[in-house]
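The next block holds one structure in the form of structure tokens; read it before the comments.
Bear in mind the structure is a predicted one, so any value in this text is a computation, not a measurement. Heavy-atom basis, side chains included; hydrogens, waters and symmetry copies ignored.
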Amino acid sequence: MSGARPPGPQAAVVGGGGREQVHGGGVSVADEAARLRWELSITAAGIGSFDWDLLTGELTWDERLIELFGYERDGFGGTIEDFDARVHPDDLARVRQALSDCVAACGLFEAEYRVVRPDGSTRWVQARGKALADADGTAVRVLGAAYDTTGEKDADARVARVMETMAAGFFALDHDWRFTYVNAEGEKLLQRSREELLGGVVWELFPDAVGAEFERAYRRAARTGEQVTFEEYYPPPLDRWYEARAWPHPDGLSVYFLDVTDRRIAQSEVEAARRQAEEAAERLRLLVRVGEDLSATLDGREAVGRLAQHLVPLLADWCLITLVDEHGELSDLGSWHVEEHLRDVVVDYRRARVRALSPDSYLYRAWRTNRPVTIDSGATGALVEHLADERARQLIHRLAPESLAALPMRARGRTVGLITLFRGAGGGAYSAEDVLTATELADRAGLAVDNARLFSQQSRIAEGLQRSLLTAPVEPNHLQVAVRYQPAAAAAQVGGDWYDAFLTPDGATVLVIGDVMGHDVDAAAAMGQVRSLLRGIAYATGAPPATVLRSLDAAMQGLAMNTIATAVVARLEQVPDERERDVTRLRWSNAGHPPPLLLAADGTVTSLAAHPPQLLLGVDPASPRTDAAITVDRGSTVMLYTDGLVERRGHSVASGILRLHETVAELSHLPLEQLCDGVLERLVPSGHDDDVALVAVRLHPLDRPRPPEAGPNRVPPTPPTPLNPRTP
């Protein structure tokens with residue numbers, strides 16, 4: 001092509017006369033007319049035009065192209081060599097090849113290349129043209145246009161420079177989802193080079209994006225023409241999280257994306273730390289709740305029941321609480337399940353488990369080693385292997401635990417019980433933190449359970465000691481005597497309350513109620529001494545109540561007992577005349593004690609406080625003491641009681657005595673034993689903090705048989721012999 005010489009622009013003319021003419025270039029008049037129209041249009045558009053005559057080799061440029069290529073009019077030789085001289089050496093081969101292809105195929109020419117001007121400046125040119133053929137189809141001329149794209153290239157270069165320096169990835173896709181551009185950060189984040197990416201289909205290069213949010217978002221942006229923003233994880237080999245924005249443009253889709261894996265990891269770590277903090281706080285709250293709740297009761301079984309409900313569901317789906325008695329026997333006493341419909345199943349399993357478990361099972365290992373034992377998975381199968389009972393195996397299959405942890409409850413150097421925690425499928429194995437929390441709970445629970453055990457043991461001992469000091473009352477033929485003693489519920493202490501009922505040698509029945517100040521073993525010991533002294537004095541002397549109390553006060557001082565006590569001593573006695581009239585004389589003396597009450601046969605209740613209570617025992621033995629006496633009809637009831645029956649915080653003793661009178665009046669129709677039980681039930685609240693002692697006597701008629709509700713007679717085996725007969 002470089003050897004052809006063009007004939008010059010004047011050779012291309014259009015003839016007239018209405019018929020088509022062919023000139024030296026072999027181009028018809030119609031072609032010339034088309035060329036002229038084309039030149040006019042591109043000139044109007046600010047585009048330079050060219051005409052290359054392939055037969056003569058002449059190259060014709062308009063003024064715009066001459067200026068663009070940096071020629072003067074008289075310096076442009078009108079040859080293809082003049083064109084070659086200005087094309088950038090790096091682009092020349094590519095452009096000449098495009099021209100050759102255009103001529104050979106008699107087709108289109110399109111190229112973008114750089115022009116190096118004489119002053120050294122470089123301009124970008126976009127050229128398009130078409131080869132024209134003669135009658136036999138051989139290309140004889142190439143017509144075209146070109147325009148300066150330097151501004152666009154500069155803008156693109158600036159954009160590209162910005163893109164290349166961006167900290168975020170960027171790529172562009174055409175309408176066929178092929179990569180048309182990717183910046184350096186995009187190569188890094190996608191872990192592929194530009195050579196691998198450009199021209200490749202995104203779905204083929206990244207198959208895991210198909211069906212994921214990547215594909216849905218890109219297609220949504222292309223379909224709607226709106227920007228789509230999303231965040232998605234791409235699996236290995238990328239194994240990264242990306243934040244992406246996709247927006248459509250006329251040539252396809254642009255995607256800005258950022259690797260946010262570190263941010264996601266940081267967020268996950270923060271979230272994990274927050275969850276751990278919340279779990280730690282909840283575990284701490286659990287420890288506090290368990291400690292407070294278990295310390296609120298001294299009932300071992302109640303403590304076990306509360307503990308089971310605390311552990312579910314924070315640490316387990318269900319749990320069992322086992323106690324170990326003094327003989328090393330294990331017994332499951334507490335259970336709970338997060339699912340209400342399975343709680344009865346757990347109860348059934350609890351009843352069968354211990355006797356069904358083999359000695360080498362997890363529970364016995366935890367007990368023997370005094371260390372936690374865990375099963376991380378497959379707990380159901382592991383348990384079945386150690387259950388000898390078919391019913392227990394069926395139940396464990398229904399409960400289907402996947403993991404478990406058995407922890408000893410320790411207190412004062414011994415294992416007092418065990419906690420077994422169970423989790424179902426999906427609950428996961430017990431972590432070190434779970435076991436640590438459960439161990440702390442087990443230790444607290446162990447101490448609470450052992451405290452309850454010790455309290456119960458001490459209470460039994462204390463109550464047994466107290467009751468051993470309170471002998472059974474006598475039951476003369478014409479009298480029915482009922483006694484009650486109820487120890488304080490809030491402390492494992494022996495109280496100082498006592499009652500007594502006995503016969504003296506002269507045939508009188510003596511009733512005694514008393515209270516030594518204090519609630520401890522010393523008070524119990526003092527009570528035993530005072531009670532024994534009073535009983536001995538009253539029996540040996542047969543003296544009136546005031547004389548008995550005065551003698552007791554003197555003996556307490558002489559024996560240096562340093563004890564203060566209250567007491568009422570009453571005698572039920574008859575002289576022959578009173579026996580004939582079927583009445584009994586009640587004589588009593590009160591040393592600072594609540595007054596007895598009298599329940600008449602008609603239901604009337606009277607307080608036996610005609611004489612004010614006198615001084616307490618142990619204060620002044622010389623203080624005067626007097627007796628009071630009344631006659632009592634048959635069918636009447638006399639009741640003596642300690643202040644624990646009528647004294648309550650926030651209420652006066654007087655109001656308590658009034659409530660007692662009202663209660664006795666309401667229950668007056670009941671037999672004596674039921675009357676005493678009803679009084680205690682109504683007036684003594686659960687958790688009361690004081691002992692209660694009560695002695696009551698009901699006088700049955702002498703001319704009738706002893707009623708069945710009075711029970712058998714109970715009197716000394718030998719009738720008393722008067723030592724100092726009393727003359728009424």
Side-chain angles (χ1 to χ4, degrees), residues 1-14 22-28 31-32 34-36 38-43 45-134 136-153:
M1 289 187 293
S2 61
R5 302 301 303 171
Q10 67 274 14
V13 296
V14 178
V22 179
H23 296 272
V27 179
S28 68
D31 289 336
E32 286 297 319
R35 183 180 69 81
L36 288 175
W38 165 73
E39 285 182 350
L40 290 173
S41 64
I42 62 174
T43 299
I47 301 172
S49 64
F50 64 86
D51 180 357
W52 183 25
D53 191 324
L54 300 177
L55 298 179
T56 65
E58 184 175 1
L59 177 63
T60 303
W61 284 354
D62 64 7
E63 294 297 331
R64 289 186 179 279
L65 281 188
I66 291 174
E67 180 184 356
L68 177 59
F69 277 72
Y71 282 103
E72 298 293 338
R73 168 53 68 183
D74 55 2
F76 176 61
T79 67
I80 195 67
E81 285 78 8
D82 294 312
F83 169 75
D84 293 345
R86 289 288 194 265
V87 175
H88 194 288
D90 292 342
D91 298 339
L92 181 59
R94 174 172 55 82
V95 174
R96 292 304 301 270
Q97 183 63 45
L99 281 170
S100 297
D101 293 344
C102 170
V103 171
C106 199
L108 298 175
F109 163 70
E110 183 172 357
E112 189 172 21
Y113 51 87
R114 287 166 290 178
V115 172
V116 181
R117 295 157 59 97
D119 60 3
S121 63
T122 301
R123 309 295 292 178
W124 278 91
V125 175
Q126 175 72 49
R128 291 186 177 87
K130 176 176 175 56
L132 301 180
D134 59 9
D136 61 3
T138 302
V140 295
R141 176 170 286 169
V142 177
L143 298 177
Y147 58 93
D148 190 339
T149 60
T150 305
E152 296 177 13
K153 281 293 184 181

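Not a single donor-acceptor pair under 3.5 Å links the side chain of Asp101 to the backbone N or O of Ala98. The main-chain N or O of Ala145 is never found under 3.5 Å from a side-chain atom of Ser49 such that the two would form a donor-acceptor pair.
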Handout entry: Check against side-chain contact (heavy atoms from CB on, under 4.5 Å), Tyr147 and Arg128
Key = CA-CA 9 Å; Tyr147 58 93; Arg128 291 186 177 87; 3.5 Å; yes

Practice task
With side-chain contact (heavy atoms from CB on, under 4.5 Å) as the test, would you mind laying out the steps for Val142 and Phe50 before giving the verdict?
Solution key: CA-CA 8 Å; Val142 177; Phe50 64 86; 4.0 Å; yes

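Taken to the nearest 0.5 Å, the CG atom of Asp53 stands 12.0 Å off from the CD1 atom of Ile80. Between the CG atom in Asp148 and the CD1 atom in Ile47 there is a gap of 11.5 Å [rounded to 0.5 Å].
Side-chain atoms of Val103 and Phe109, non-hydrogen and from C-beta on, never get closer than 4.5 Å to each other. The shortest side-chain heavy-atom distance between Pro118 and Arg86 falls under the 4.5 Å cut-off. Between His88 and Tyr113 the shortest side-chain heavy-atom distance does not fall below 4.5 Å. Using a 4.5 Å heavy-atom threshold, the side chains of Trp61 and Leu68 count as separate. Within the 4.5 Å cutoff, the side chain of Asp51 has heavy atoms near those of the Arg141 side chain.
The nearest pair of heavy atoms linking Asp62 to Arg73 is C-NH2, 4.1 Å. The shortest heavy-atom contact between Leu132 and Cys106 is C-SG, 4.2 Å. Shortest non-hydrogen contact noted between Arg117 and Glu67 is NH1-O, 3.0 Å. Contact detail for Arg123 and Thr150: the closest heavy-atom pair is CA-OG1, 3.2 Å.
Not less than 6.0 angstrom separates the ring centroid of Phe83 from the ring centroid of Trp52.
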